[in-house]
Amino acid sequence: MDTFADIRRTPLLTALHQAHARRREISPEARRRLAAEYRLSAAQLDDFISFFPAFSARPEGTFRVCTGPACRLAQGADGPRHLARQLATPGASAAFCLGHCDRAPAVIPAADAEIPTPAPPDTRWLEHYGPDAPRQRLDALLSDLAAAGLCGMGGGGFPAYKKLAALRADPAPDKVLIANADEGEPGTFKDRWLLDHHPGTVLTGLYLACRITGARHALIYLRHEYAAAEPRLVAALHAMEQAGLLRGIGAAADTAHPLLPSIAIVRAGGPYICGEETALIASLEGRRGLPAPGPPYPVDAGLFGHPTLVHNVETLYYLARIGRHGPAWYRGDGNGRRHFSASGPVRRPGIYELPAHSSARQVLEAAGGLVDNRGVAAFIPGGGSSGLLPATALDVPLTATALAPWGAGPGTGGMVFLPRGACVVDMAAHLAEFLAAESCGQCDPCRLGTRHQARALDALCRGTSQNTPLDPAPLADTAIALRQLSICGLGRFAPTVVETLLRHFSTEVAAHGRGECAAGVCPTAAGARNTGDGA
Amino acid sequence: MIRLTVDGRPVTVDDGATLLDAVRASGSWVPALCAGASLPTGGGCRLCAVRLVDQARPMPACRTAAAPRMVVRTDGDALHRARAQVVRLLLADHPAPCRPPGDPRGECELEALARRLRLPLSQPPATSPSVPIPSVPIPSVPIPSVPIPSVPIPFPPDTSHPALHFHPAACVECGRCIRACGDIQGHHVIGWHGAGITRTLAFSGQKNLADSDCVACGQCLAACPTGALLPALAPVPGMTAIDTICPYCGVGCGITCHVAPERDGHGGETRGRIHAVTSQPGQPANRGRLCVKGRFGLDFVTRPERLTQPLMRRPDAPKPCGPEGFEAVPWDTALERVATTLLDIAQRHGGHAVGGLGSAKCTNEDNYLFQKWLRAGLFSPNVDHCARLCHSSSVAALGAMLGSGAGTNPNTDFLLADAIFLIGTNTLETHPVIATFIRQAHAAGASLVVADPRRIGLAHEATVHLQHRPGSDPWLVAGLAREILNADLADNAFIAAHTEGFEAYRAALLALDMAEVGRVTGVPRAAIRHAAHHLGGAKNLLTAWGMGLTQHVAGTINCAAVAGLALLTGNLGRPGAGVNPLRGQNNVQGASDMGVLPNVLPGYQPVTDSATRARFGAAWGRPLPETPGLTVVEMLRAAADGDLRAMHIMGENPALSDPDLEHVHAGLTRLEFLAVQDVFFTQTCAWADVILPAASVLERAGSVTSTERRVQRTRPVLPPPGAARADGDILAWLLERAQVGGAGSDGNGDAAAVMAEMARLTPLYRGLSARRLERESVCWPCPAPDHPGTPILHAGGPLRGRARFVVPLLTPPAETPDATYPFILTTGRLLEHYQTGTLSRRSAVLDELVPGPWATAHPDTLSQAGVTDGATARISTRRGEMAITLRADPEALPGVIFVPNHFAEAPVNRLIHDQLDPEAKIPEYKCVAAALSGETSGR
Ligand SMILES: Cc1cc2nc3c(=O)[nH]c(=O)nc-3n(C[C@H](O)[C@H](O)[C@H](O)COP(=O)(O)O)c2cc1C
Ligand code: SF4
Ligand code: SF4
Ligand code: SF4
Ligand code: FES
């Protein structure tokens, strides 16, 4: 009677957030109720719930401490001790990058940040694209996007106008658009910043995407650590609803024009992998968030089988701005623009919108350079799986072609700068551990391969491999297994960190193999003695 | 057909095949760890990856559909290195060898894979010193991180369950067990807990197995490639595998028993023991599935309480009495006594003064010889068996309407239906393997309508559950038919071409008062309408029912009404469309087929037909009784009245199973002579004069016929205990003694010879022979040796010519609640037990899972009666009373008390009245007026 396989029903994810909000845990009583309501066995429900860290019990007074790249570099030499002290506090638990790298060291729940009230969406302008808009107007918008060469900003880089055109051509009655706001790539916080400061523009982009494609259902899949952005999004949605642009927020109203989209906000459940679009869709359908490689692809059969398009927040933001300012504005001197997240001990950590082909040095300069003018030891060019590069790569344009010879990629534009004195092996070990912990686990090469990498680098940091330098051969085999056999990008790009470390930082690796951490950060035999007393 | 190339060789595969099928067909090889035989695709191990010429990345063969002209390569250095590394990584944490020697599943698949790839079993992945690492927890790390547990499986083995154990260390996380449990069996007990590196397998969300919702079907065990899931009973090396058919229920699952001799403690060998049961590969009845009884419940055969010696009642022993009232005698003494006494009584008082009960637990051959012994040897018309108590009403209704009383479709046809209607069957517990097909069809989109007064397992999953009051079935089904008519969903073309009597049927329905339907059934009209839309709107509707429908005084009326729905919607004679009474015992269909019924000879040939009698009479060299004899309940009544003087009971237990046990016991006591032939000292044995120890079906060659009319070969997996003999041999001795001709007349009960005679005389079985059954199982009718059998009845139109609509009669139950007996008592079965518990309660595993009886009722009913949840209460009816533990069931219908009927310590049948369905003579076990009171206030 009540099938769950329906786009109109409350996602299990949302029902769980509601239950968790009441009790700060999913109580046995709530489990029983939800199992009956969603027709799941105890095992099926637990299979789902246990996939999402957001639903673990979080009693009053508990908080999460970020151990991510920027946060482990924060507060200079005292950083490590500071983190250790924080984690020793009762109620503290360690988290991977919380996406607040500009406020490192970050803790959740955090004190509210001061964010100026953002501009509402320009509903007057949007009316041009309402249900009565002539076809040509939407066609023109689509050609503008093509002329701009807008590509996905979520890491995949697939031309956005092609996906939009494909969905537009689909005659299915119920099409779905999803704004992917589940940003989780370590060192990346551009989507959060855009949602904080420009929610109206992002929603404008989402709205236009719906109108171009004819999608009647839209969702914002919001990282649950970004809950603070929700009220601003809701305010913008209300403005749109009042302007008669929506069929409803969440549930659709029957009275509105049937071609208008309804837009709902769904909070994600925590795993990094749910940023991957097929995993994201699975989580919305009440299944654990496992990437499911196509075919069929989401544009053909996505959410509950309906044709579905997933776009990154920044892609939608640019969609709106290209609609407003035209393709020439976006292209600038050729490659378009993007928002770089700059973090680490830079003077002004934050988001910098620059030409897409800027170099790391240009981003660093925009962020005011390093604190104390320390030199750069290494940097992460674009998020956790983009690799680790030495200072010699600072002038390389942050594009796929230019970075390829370095064994790295531009990723999400999430840049973390490591100053001299920081330990690059520790950073690599942390990133390897991130990948191992965030692997969804469904495919053996990734589940076991990322664990192998993490264990190997962990051993290197600990000095367990003292006097036997890291043996790259088995790691090379694991890299082949990861690249060849993994289902999704997490596994396929997982070797990058290890490989760039071994390639560009062989001195540091060798030193750790001897039990020496020059930065005094790693608990190698020597390092542990150096820092052990103070910690 | 798809043609493609694998490693340069052309291959052709069926449509829908995967690349893994293609690779296997080509003779090439790729490893495949997460792909299990007949499981839905996994795709996680990634070992089966192959390269396609025009694709950059390798593809998992198991989840890539084969397409024409694909060019596939399984080799290549990178691919080989990648696969080998995954296997090394798996081996790094694997405790080889993880399976005990002798495991019937063979060697652990991971270990076998390692051998094939020439990888050492006991080494860390490759040579990195950093790999086998840290068993130490992370110490004071200056820069803390989210800790990765370095030992991946911190969980100890789970040995909480009596049948199944879980050893997490050996688990390769292939997920096969999850798919086996969820997708194949539909139980959904196993799932993952957590993600990625910390992911583990979990039962019902991190319970231990014993506390989980596990029903111990063992499907996960069969699917597991490693020693992670192991049976609690360890296998022994050198077991012999013998294929036979499960001795429990009518599904007819093919099983393979793994037996090995045992030392008896005195240096000698015992006859052996069944150490493991697996499903027989390639069996059409169950497709590799089993339930807890078949897989773990066969140890009753080797229980020490088995009867091993013929026993004779001591002259001074009272009736009834326990085993102490008997003494062991040689076979010839016992048999001579049985033969002389029965022959003598038959001679002196006529054949009608003796009667016999055959058995739905014995083979076809044994039952054939049994009725032959009664009819030809004793000239008695009184031969019947317990089918009377379960499905005689189905047989009567279907026979009259369609021309055959049997179910129309094979078990697996549920997979082909797009709507399934279950009424009065708790299929999940009574026919567990058929329930798997139902669930699978439902999961794939078929609608499922369940009508049952209890909120049984499948009711929770159903599209619509019609929770009608016990005994209101005639109203409910008529209401459904009326709504189908109203919605114009009747199949008029079918009705015109294949039926008769529709106008009267339609007129009766149009006169139906739907308000009355609502009042009597207690089901909202909207629900009836909703269900009717699903039933009427389906392309293929498959209907099945059980004893909830048949065991009423209106049993025949009920079955006719339900069959009427199928006619109304034109659902007969097609794959996935038909009517299926789900037969209870493993050979209840066969016992009926063999003529262990008072009115028909083998193959449903009426005894009143003189030509038939002449044919059988000629073969047996005897005249046969000309009139139909007494049914089960009638025989016991006649015994109580002194009209029936002696009985021969083979493998039945009327002293516990029949209604109104007080009367039954009176009848048994009054008999001049009672011979009982059985495997255990049953409740009925207490009244016996001679007890003949029989071989069980597991010790006997022959054949049995399942609910889908599938005749299947049974093989002896063990020799019988002590001096016990096959039923056939016992009967052959008696036949020889009585000088009856034909099969068995030489004193030898050889199954092949019996089958040959029976096939010759029985058109339904004519094409069958022991030789043929050795090769294949066949669904009757099978009129000739080269006939393939008939899985779907009425495929060429109703056997009767035109199927006959029966005007619905709204017949209430014999008893309705009143002031003294305000509640309704209903009885039924449990998954773990079977019939009177003769077998199942003697299985260690089954007994541990469900050791004793309890009854359930709605909490309001309990408080109304002043009974606390979990306390002992007294249930009384006009026949008597009984004490039993009561549990609250919030989903029960208020006012209805449910009592399972397997337990001698709670012989609920004592409370049932013996009013019978006038046509089929079936008793009303499902609806009796009862009172309930707290144990103390009762007296
Ligand atoms: C492991 C993994 C993680 C991802 N995480 C994100 C994410 O956090 N946010 C995002 O927008 N896209 C993420 N993606 C990309 C999405 O799958 C998808 O390509 C993207 O949302 C499409 O939007 P775009 O075309 O606008 O880039 C991820 C992909 C992978 C393989
Ligand atoms: S590559 Fe890793 S994250 Fe991606 S599907 Fe496989 S196990 Fe999951
Ligand atoms: S228990 Fe067996 S079948 Fe289940 S995941 Fe583990 S290895 Fe696979
Ligand atoms: S379903 Fe019936 S035949 Fe099959 S294993 Fe269970 S009891 Fe035996
Ligand atoms: S067998 Fe194909 S991925 Fe495991």
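Per chain, numbering begins at 1; letters A, B, ... match sequence-line order.
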Got more than 12 heavy atoms from elsewhere within 6.0 Å of [atom1], [X]?
X      : atom1 : answer
A:R33  : CZ    : yes
B:H80  : NE2   : no
A:F493 : CZ    : no

Does B:H534 have any ring-ring contact (aromatic ring centres under 6.0 Å, His included) partners at least two apart in sequence or in another chain, and if so, which?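 Partners of B:H534 by the ring-ring contact (aromatic ring centres under 6.0 Å, His included) criterion, ordered by chain and then number, come out as B:H530.
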Evaluate the criterion salt bridge (charged side-chain N to carboxylate O under 4.0 Å, His left out) for residue pair B:R81 and A:D477; output intermediate values, then yes/no. CA-CA 7 Å; B:R81 274 177 77 184; A:D477 273 12; 2.5 Å; yes
Residues in side chain to side chain donor-acceptor pair (under 3.5 Å) with A:S283, at least two apart? A:Y221
If you tally heavy-atom pairs under 4.5 Å against chain A, which of [options] wins?
options                        : result
B:G182, B:G191, B:G175, B:G194 : B:G194
B:M59, B:H187, B:H193, B:R83   : B:H193
B:T64, B:D213, B:L90           : B:L90

When rounded to the nearest 0.5 Å, the distance separating CG of A:L448 from CZ of B:R46 is 13.5 Å
Who wins among A:G441, A:S41, A:A43, A:S439 for the most heavy-atom pairs under 4.5 Å with chain B? A:A43
Please determine, among A:R492, A:Q86, A:E438, the option with the most heavy-atom pairs under 4.5 Å with chain B.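 Greatest number of close heavy-atom pairs with chain B: A:R492.
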If I measure from the heavy atoms of chain A, does B:I178 come under 4.5 Å with its side chain, its backbone, both, or neither?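 No part of it gets close to chain A.
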Which atom of [X] lies closest to which atom of [Y], heavy atoms considered:
X      : Y      : answer
B:G44  : A:P445 : O-CD, 4.2 Å
B:I197 : A:A436 : CB-O, 3.6 Å
A:A42  : B:S204 : CB-O, 3.9 Å

Keeping [X] on the side-chain end and [Y] on the backbone end, is there a donor-acceptor pair under 3.5 Å?
X      : Y      : value
A:R447 : B:A195 : no
B:Q85  : A:P474 : yes
A:R39  : B:E461 : yes

Counting only heavy atoms closer than 4.5 Å, note whether A:R483 contacts chain B via side chain, backbone, both or neither.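 For A:R483, the contact with chain B is made by the backbone alone.
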Below 4.5 Å, heavy atoms only, C-beta onward: do [X] and [Y] meet side chain to side chain?
X      : Y      : answer
A:R288 : B:R199 : yes
A:I480 : B:L79  : no
B:L47  : A:D444 : no

What do the steps show when you test A:T478 against B:L89 for side-chain contact (heavy atoms from CB on, under 4.5 Å), and what is the final call? CA-CA 9 Å; A:T478 289; B:L89 291 168; 4.2 Å; yes
